[in-house]
Protein chains: 2
Amino acid sequence: MSKKESRSECLVACSLDLLGDKWTLLVIRDMLEGEKTYKQFQEAGEKIPTNILASRLKTLIEKEIAVKKPYQENPVRYTYSLTDKGKALWPVIRELMRWGDKYVPEGKLTPQAKYAIENF
Amino acid sequence: MSKKESRSECLVACSLDLLGDKWTLLVIRDMLEGEKTYKQFQEAGEKIPTNILASRLKTLIEKEIAVKKPYQENPVRYTYSLTDKGKALWPVIRELMRWGDKYVPEGKLTPQAKYAIENF
């Protein structure tokens, strides 16, 4: 059992305890393309606030959804990438995109995303 | 464009603008079984607070993900059910359950959920 008790044994509830907010799955989306630096996350279109990014990355590492490794010293900086547990979230993101493509007119399906949701 | 501008054109971000919290997809999960009364939502294992339930149902109706219809008068009470746009969220919930089943040890896959994620 994690520090915070789950609200129920329902797998939807358990998953949302980890993923249910407006930012976590966007940070995971970015890492599905490959490892990212802190700066690269901040350059994504949604302009994630730095305190939220730091907090989400910390939680994702604690929950073994992502790992970090240093790519420079003085000052030390890290790249962040998904573990297998994190990569296994692709189908959740794919279905959010499919639903958005059909029902959210503000959204745009990029050619890259179209290719991904049709082929993976 | 909705009242609130979307954070980006990314379909993941657009979908999370509507669905990205700890409760909305649980309310949708309940309606996937069929129409629900306010009381039935409150009886679900997660014990959703009444103010959150009222707020989520209001938004889901505004966004045409759910509809309500009266089933009694004096006082008027409603049942809530999913529109086609709401029912189309089943694959998102299915993938959250599959991921939880593999990676979240606190969660339990009920026989009913197991049947659903294997067959639909």
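We name chains A, B, ... by the order of the sequence lines, and we start the count at 1 in each one.
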message: Checking A/Tyr71 now: which residues fulfil side-chain contact (heavy atoms from CB on, under 4.5 Å) with it, not counting sequence neighbours?
response: A/Thr37, A/Arg77, A/Thr79
- prompt: Considering residues, nucleotides and ligands other than A/Glu118, do more than 12 of their heavy atoms fall under 6.0 Å from its CD?
  reply: yes
query: Does any heavy atom of chain B fall under 4.5 Å from the side chain of A/Ala113, the backbone, both, or neither of them?
result: neither
field: Among the listed options A/Leu25, A/Thr24, A/Asp17, the residue most often paired with chain B at heavy-atom distances under 4.5 Å
entry: A/Asp17
query: Do other residues, nucleotides or ligands put more than 12 heavy atoms under 6.0 Å from B/Gln72 CD?
result: yes
query: In terms of heavy-atom pairs under 4.5 Å with chain A, which of B/Arg29, B/Lys85, B/Glu95, B/Glu46 leads?
result: B/Lys85
message: Counting heavy-atom pairs closer than 4.5 Å to chain B, which one of A/Leu18, A/Leu96, A/Val104, A/Asp101 comes out on top?
response: A/Leu96
task: Identify which part of B/Ala88 has an atom lying under 4.5 Å from any heavy atom of chain A, answering side chain, backbone, both or neither.
output: both
field: Contact class of B/Arg94 relative to chain A, heavy atoms under 4.5 angstrom
entry: side chain
- line: Comparing B/Met97, B/Glu64, B/Lys102, B/Lys47 against chain A, the one with the most heavy-atom pairs below 4.5 Å turns out to be B/Met97
field: Lys/Arg N to Asp/Glu carboxylate O, B/Glu35 vs B/Lys69, below 4.0 Å
entry: yes
query: Is any side-chain heavy atom of B/Tyr80 closer than 4.5 Å to a side-chain heavy atom of B/Val27?
result: no
task: Tell me, for B/Pro91 versus chain A, whether the close heavy atoms (under 4.5 Å) come from the side chain, the backbone, both or neither.
output: both
field: Test item: B/Arg56 and B/Thr59 side chains (from C-beta on) under 4.5 Å apart, heavy atoms
entry: no
- prompt: B/Asp84 and A/Tyr103: which non-hydrogen atoms are nearest, and at how many Å?
  reply: O-OH, 3.7 Å
- line: Most contact-rich option vs chain B, by heavy-atom pairs under 4.5 angstrom, among A/Ile93, A/Thr110, A/Leu109, is A/Leu109
